[in-house]
Amino acid sequence: MATTGKQLFTTLDADGTLTVAIETVSLPDPTGNQVLVKMEAAPINPSDLAILVGAADMENASYSPGKFVAKMPETANAGSKARHGLKLPAGNEGAGTVVAAGDSDTAKALVGQRVSCVPGNAYSQYCLADAAMCLPLGDHSAEEGASAFVNPMTALGFVENAKMDGQDAILHTVGASNLGQMLTRICKEDGIGLVNIVRKDSQVDLLKELGATHVVNSSDSDFMPQLCAAIDDTGAFYGFDPVGGGQTVDTAFKAMEQVAVSRMTEYSRYGSTQPKRMFIYGRLDTGPTTLSPSYGFGWTLSGWLLFPFLQSAGQDTVSRMRKRVRDNLTTTFASHYKTRVNLEEMLTKEAVTDYRAMKTGEKYLVTPWS
Ligand SMILES: NC(=O)c1ccc[n+]([C@@H]2O[C@H](COP(=O)([O-])OP(=O)(O)OC[C@H]3O[C@@H](n4cnc5c(N)ncnc54)[C@H](OP(=O)(O)O)[C@@H]3O)[C@@H](O)[C@H]2O)c1
């Protein structure tokens, strides 16, 4: 028997019109390894924002109950051709209670349990999710489990990746984000050196309270010497950057090279031979990435995305990571929310303007039945 509920869809037309609206949809019964989850909570993460609002002009958008229509700037629209005309669901992850299951044993075992899941359409009252990707939450609330996948597995993935690459220290360019706070706790637990870059004094205090040793404020006049000292102390020639645009990565490479050169016993016109590696894993700044290679030739810049990493890491590693998240959901991997909104409230001008700012500690949680 089909199940009916509200779901959010986002559509970008070829002329740059972005329509985000709530519709009532009918879901078929789950089959095979699928479960039907009655959703209780889903976070609005930066990766969700990319498809919800992107670069659209939200100031001059038209807002009506359960819907907004906005204009995408021409450059952003031209770069989004692949999604023109597609009505897409949104919401990578969330948590809820399994109310029906397909006929696989894995799926049937979850009926009646509260789980975190990664359905890709979490801004819904009901979702079909893959049972293999569901994490039973036991006595945890939906709010505690809503962000149990994307940021925890990414922060853990950075540390796993570093260990696989023989590194014992990491540089992170947005230390105070939700993910950055998790990374700070993980590195402390695992004895991995961590250099955190932040941009406000309040963020320095926040990370110090979590036990971070090296927190460098990019707004300080002596930022570069501070950054070099922290890299020298930890040996962090390996880093992760969610900013993407601008000079953040360039600055990290320059600081790494300054440290490497200071350790050389002989001058070389080619710079140091120290390998330096940065991964861009987000687009908090959607502008062009500026590099001014003046840091020798041993530098590598690449992208980093959670799902390909998990695929390459293998099932044993992924199972170990998921167990660690489940066992430490309210400590190492805790997320905090500024506001709870239902599906209609998340599409008001006030809410959109606030959550698209992506400020530290100001994440929204969507509670579709409230
Ligand atoms: N590649 C992947 O697989 C993957 C997986 C998970 C997350 N991510 C990425 O991880 C990043 C962090 O996610 P989150 O959920 O932890 O974020 P969040 O808690 O919502 O926080 C966003 C943070 O970014 C800072 N920020 C925003 N714009 C910035 C800019 N232009 N330059 C420097 N800092 C800026 C904010 O600081 P202020 O308060 O100072 O503005 C805030 O600390 C996002 O970019 C997300 O897309 C990627």
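Whatever order the structure lists ligands and atoms in, that order sets their numbers, starting from 1. One is the number of the first residue; the rest follow in order along the sequence.
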Can you find an N or O of [X] that's nearer than 3.5 Å to an N or O of ligand 1?
X      : result
Trp304 : yes
Asn178 : yes
Leu179 : yes

Which residue owns the protein heavy atom closest to atom 36 (C) of ligand 1, what's the atom, and how far is it?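 Residue, atom and distance for the closest contact: Met358 O, 3.3 Å.
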Atom 29 (C) of ligand 1: the protein heavy-atom neighbour that sits closest, reported with distance to 0.1 Å: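 Here the closest protein heavy atom is Arg199 NH2, 3.4 Å.
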Using residues 244-253 as the side-chain source, report each donor-acceptor pair under 3.5 Å to any protein atom, sequence neighbours left out, with the distance given to one decimal.
unit_1	atom_1	unit_2	atom_2	d
Asp250	OD1	Ser292	N	2.7
Asp250	OD1	Ser292	OG	3.1
Asp250	OD1	Tyr295	OH	2.4
Asp250	OD2	Lys254	NZ	3.0
Asp250	OD2	Ser292	OG	2.8
Thr251	OG1	Gln247	O	2.8

Using side-chain heavy atoms (C-beta onward) and a distance below 4.5 Å, is Met133 in contact with Cys117? no
Scan the side chains in residues 296-308 for donor-acceptor partners under 3.5 Å anywhere in the protein, sequence neighbours excluded, and list what turns up.
unit_1	atom_1	unit_2	atom_2	d
Trp299	NE1	Gly296	O	3.4
Ser302	OG	Arg277	NH2	2.8
Trp304	NE1	Asn161	OD1	2.7

Pick from Asn92, Leu306, Leu183: the one approaching atom 3 (O) of ligand 1 most closely through a non-hydrogen atom: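 Result: the heavy atom closest to atom 3 (O) of ligand 1 is in Leu306.
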Could you pull out, from Tyr364, Tyr281, Tyr355, the option with a heavy atom nearest to atom 4 (C) of ligand 1?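 The nearest heavy atom belongs to Tyr281.
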Less than 6.0 angstrom from the centroid, inside 45 degrees of the normal: does Lys87 satisfy that with respect to the ring of Phe9?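 Geometry flag: set, cation within 6.0 Å and 45°.
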Report yes or no: is the cationic atom of Lys6 (NZ for Lys, CZ for Arg) under 6.0 Å from the centre of the six-membered ring of Trp369, at an angle within 45° of the ring normal? no
So is Met182 touching ligand 1 or not, going by heavy atoms under 4.0 Å? no
Would you mind telling me if ligand 1 is within reach of the side chain of Val243, the backbone, both or neither, using heavy atoms under 4.0 Å? side chain
Glu362 and ligand 1 - part of the residue with a heavy-atom distance under 4.0 Å: neither
